[in-house]
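Shown next, in structure tokens, is the structure this report addresses.
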2 protein chains.
Amino acid sequence: MSYRDKKVITIGTVCELTGLTDRQIRYYEERKLVFPARSKGGTRMYSFGDVELLMEIADKLEDGLHTHEIRKLHEKRAKSAVTDRVAN
Amino acid sequence: MSYRDKKVITIGTVCELTGLTDRQIRYYEERKLVFPARSKGGTRMYSFGDVELLMEIADKLEDGLHTHEIRKLHEKRAKSAVTDRVAN
DNA sequence: CGTGTAAGGAATTCTGACACG
DNA sequence: CGTGTAAGGAATTCTGACACG
């Protein structure tokens, strides 16, 4: 697993990197758009990949999409990624 | 700057990634071997590169080197890196 | 020299909820 | 629906120091 996917970043840092509030980030998790890991103490841990994903989500929300629609889009993308992998 | 060099990791996570204690990591900083950034609140922030460096330091200490010697070695390496860059 | 630990405080994060619209 | 906020608690980190050797 590359640096991009290691869940080592705390929510406060993610806020700085993305410009989002912690409230927004936790809400996107509630809506099943991001999936942070948890430290023993229960602290959410994000990867750089998650940071990129969050900025993408923020973009789509600004474009007027709803969290539910964004989830659908991402599920599709994940599915075709699997298909591609199997095909190759 | 790549993911490797972004200072976004908190000391507790660095402990897990390296197997070192926070006491050791702070001591290596005191001895000028690592240079974490600081958050607004004063929390030390490390990069994946720092994590690698710390493991290297731990290796050398196990080999019997002293922090002072390790620093010398690392300074030399940094210097030749600059030389190489200028040469190329 | 390199590391452990107890001490007290400050910064960070967590959850559940009320609010607006 | 998506986000702000105050609330109280728990986890994390910080510094300076004493200890051992």
Side-chain angles (χ1 to χ4, degrees), chain A residues 6-75, chain B residues 6-75:
Chain A
K6 283 224 165 190
K7 309 254 184 185
V8 297
I9 313 175
T10 242
I11 201 168
T13 306
V14 175
C15 289
E16 292 184 355
L17 295 175
T18 61
L20 299 172
T21 65
D22 52 341
R23 180 65 167 100
Q24 291 175 299
I25 297 171
R26 294 200 188 99
Y27 179 65
Y28 302 157
E29 176 182 0
E30 188 183 319
R31 301 315 313 277
K32 308 289 185 193
L33 295 177
V34 224
F35 307 92
R38 294 277 182 156
S39 74
K40 313 75 181 282
T43 300
R44 269 169 267 253
M45 306 300 292
Y46 301 85
S47 66
F48 280 112
D50 289 330
V51 169
E52 292 180 358
L53 179 56
L54 283 166
M55 300 186 82
E56 216 181 293
I57 292 168
D59 275 352
K60 290 180 179 166
L61 280 171
E62 276 190 52
D63 288 347
L65 293 184
H66 283 205
T67 55
H68 180 260
E69 306 172 305
I70 297 175
R71 179 169 23 158
K72 285 292 176 191
L73 283 176
H74 290 188
E75 280 173 1
Chain B
K6 283 224 168 191
K7 309 255 183 184
V8 296
I9 312 174
T10 242
I11 201 167
T13 306
V14 174
C15 288
E16 292 183 356
L17 295 175
T18 62
L20 300 171
T21 65
D22 53 340
R23 180 65 166 99
Q24 290 175 300
I25 296 170
R26 295 201 188 98
Y27 179 64
Y28 302 156
E29 176 182 359
E30 187 182 321
R31 300 316 312 278
K32 309 288 184 194
L33 295 176
V34 225
F35 306 92
R38 294 277 181 155
S39 73
K40 312 75 182 286
T43 300
R44 269 169 266 252
M45 306 301 292
Y46 301 85
S47 66
F48 280 113
D50 290 330
V51 169
E52 292 180 358
L53 179 56
L54 283 165
M55 300 185 83
E56 215 182 293
I57 292 169
D59 275 352
K60 290 179 180 166
L61 279 171
E62 275 190 52
D63 288 347
L65 292 185
H66 283 205
T67 55
H68 180 260
E69 306 172 305
I70 298 175
R71 179 172 22 160
K72 285 293 175 189
L73 284 175
H74 289 188
E75 280 173 1

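Throughout, a chain's letter reflects where its sequence line sits, starting with A, and its residues are numbered from 1.
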Give each stem of DNA chain D as a range with a range, requiring at least 3 consecutive Watson-Crick or G-U wobble pairs whose two distances are under 3.5 Å. C:2-5 with D:17-20, C:17-20 with D:2-5
Is there a donor-acceptor contact under 3.5 Å from the side chain of A:Ser47 to the main chain of A:Gly49? yes
Criterion side-chain hydrogen bond (donor to acceptor under 3.5 Å, both in side chains) against A:Lys60, the qualifying member of A:His66, A:Glu69, A:His74: A:His74
Which ones in residues 22-53 of chain B lie close to DNA chain C, meaning a heavy atom under 4.0 Å from one of its atoms? B:Arg23, B:Gln24, B:Tyr27, B:Tyr28, B:Arg31, B:Ser39, B:Gly41
Taking only side-chain nitrogens and oxygens of A:Thr21, does any of them come within less than 4.0 Å of OP1 or OP2 of D:dG4? yes
Who are the salt bridge (charged side-chain N to carboxylate O under 4.0 Å, His left out) partners of A:Glu16, not counting sequence neighbours? B:Lys40
Starting from the C-alpha separation in whole Å, work towards a yes-or-no answer on side chain to side chain contact (heavy atoms under 4.5 Å, CB included) for A:Ile70 and A:Arg31. CA-CA 10 Å; A:Ile70 297 175; A:Arg31 301 315 313 277; over 6 Å; no
Atom CD1 of B:Ile11 to atom P of D:dT12: distance rounded to whole Å? 13 Å
Any ring-ring contact (aromatic ring centres under 6.0 Å, His included) pairs touching residues 9-35 of chain A, not counting sequence neighbours? none
With B:Phe48, which residues qualify under ring-ring contact (aromatic ring centres under 6.0 Å, His included), at least two apart? A:Tyr3
Go through it in stages, so that I can follow the logic: the residues are A:Arg38 and A:Arg44, the test is side chain to side chain contact (heavy atoms under 4.5 Å, CB included), and I'd like the CA-CA distance, side-chain angles, deciding distance and then a yes or no. CA-CA 5 Å; A:Arg38 294 277 182 156; A:Arg44 269 169 267 253; 2.9 Å; yes
Please report the C-alpha distance between B:Arg26 and B:Ile11 in whole Å, then the side-chain angles of each, then the deciding distance to 0.1 Å, and finally whether the side chain to side chain contact (heavy atoms under 4.5 Å, CB included) criterion is met. CA-CA 9 Å; B:Arg26 295 201 188 98; B:Ile11 201 167; 3.8 Å; yes
Before giving the answer on side chain to side chain contact (heavy atoms under 4.5 Å, CB included), spell out for A:Ile25 and A:Thr18 the whole-Å C-alpha distance, their side-chain angles and the decisive distance to 0.1 Å. CA-CA 10 Å; A:Ile25 297 171; A:Thr18 61; 4.3 Å; yes
Residues in residues 58-70 of chain A with a heavy atom under 4.0 Å of DNA chain C, by number, are none
Please check: side-chain N/O of B:Asp59 versus main-chain N/O of B:Glu56, any donor-acceptor pairing under 3.5 Å? no
